[in-house]
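Hydrogens, waters and symmetry mates play no part in the numbers below; they use all other heavy atoms, side chains included. Note that ligands are numbered from 1 as they come in the structure, with each ligand's atoms numbered from 1 the same way.
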Amino acid sequence: MSNISALLAEIRRPENTSDDVRAMYDKWSDRYESDLAIATWNAPVEAAKGFSKVFHQKDGRILDCAAGTGLSGVELTRHGYSNIDAVDMSEESLKLAEQKKVYTNIICATLGAEPIEGVEPDIYDAVICSGGFLRGHMDDRCLPELVRVLKPGGIIAITTNDFNGPSCVEGPTMARLKQEGILKSVEKYKLEKYLGDEDGWFLAYKVMNK
Ligand SMILES: C[S@@+](CC[C@H](N)C(=O)[O-])C[C@H]1O[C@@H](n2cnc3c(N)ncnc32)[C@H](O)[C@@H]1O
């Protein structure tokens, strides 16, 4: 676990740029799953489990954000979901995600304030994000873009790390979206032992208005 702890500490450094984080995941991709199996990575299992409680349309069109090597997509198929696209900025991770054969479309893009190139508005019924909201990774500035690609009534389901608190999700942009009646919180509970001994959160929101 000590090498993994050092790697995780490096990945979570607040001064990392998106390019730094992308390069780290590209380099780590071939050992990502075996390293995290040793560390006990429960985020994808918990994300899909929580998702199945808040989104019931099994053939609904789903966008798996920060899909990485596809662990969350595999878990979604175990719950019966069949119409899943993946987006991540790490091309090397996405090559492994493709091999899982659980995604319809695979998009290599950095999620942030800018629109995801080639993705039309109002096309997804739900978004899932397992482990993508983290310091130096995604934060709440990408939420307007997730709202843009979701249909009205769409669901956003997130597992995030207690290490940073849920604040990378519940930041100023989220506060604005809630205040404007665009997003509403529909689920929030703590996840024990999300990554090794670290706890996390399952959070879910509904698009109320666009
Ligand atoms: C901890 S991994 C989670 C991967 C997968 N969802 C899982 O549960 O195993 C975080 C992923 O987020 C991706 N990522 C981080 N910031 C991103 C961003 N701004 N846009 C797109 N992908 C991002 C990384 O490339 C990495 O694959």
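For the residue pair E33 / T69, a side-chain donor-acceptor distance below 3.5 Å is found, with atom types taken as modelled.
Comment: D20 does not engage R13 in a salt bridge, judged by the lack of any side-chain N to carboxylate O separation of less than 4.0 angstrom. Using a cut-off of 4.0 Å between Lys/Arg side-chain N and Asp/Glu carboxylate O, E10 and K27 are scored as not salt-bridged.
Residue Q179 places its CD atom among 12 or fewer non-hydrogen atoms of other residues, nucleotides or ligands, all under 6.0 Å distant.
Side-chain atoms of K210 come within 3.5 Å of backbone N or O of L150 as a donor-acceptor pair.
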Inventory of protein N or O atoms under 3.5 Å from ligand 1 N or O:
unit_1, atom_1, unit_2, atom_2, d
ligand 1, 6 (N), A66, O, 2.7
ligand 1, 6 (N), S72, OG, 3.4
ligand 1, 6 (N), S130, O, 2.8
ligand 1, 8 (O), S130, O, 3.2
ligand 1, 8 (O), S130, OG, 2.6
ligand 1, 9 (O), Y32, OH, 2.7
ligand 1, 9 (O), W41, NE1, 3.0
ligand 1, 19 (N), L111, O, 2.9
ligand 1, 20 (N), L111, N, 2.7
ligand 1, 22 (N), M89, N, 3.3
ligand 1, 25 (O), D88, OD1, 2.6
ligand 1, 27 (O), D88, OD1, 3.3
ligand 1, 27 (O), D88, OD2, 2.7

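Relative orientation of the Y81 and H79 rings is tilted, given thresholds of 30° and 60° on the angle between their planes.
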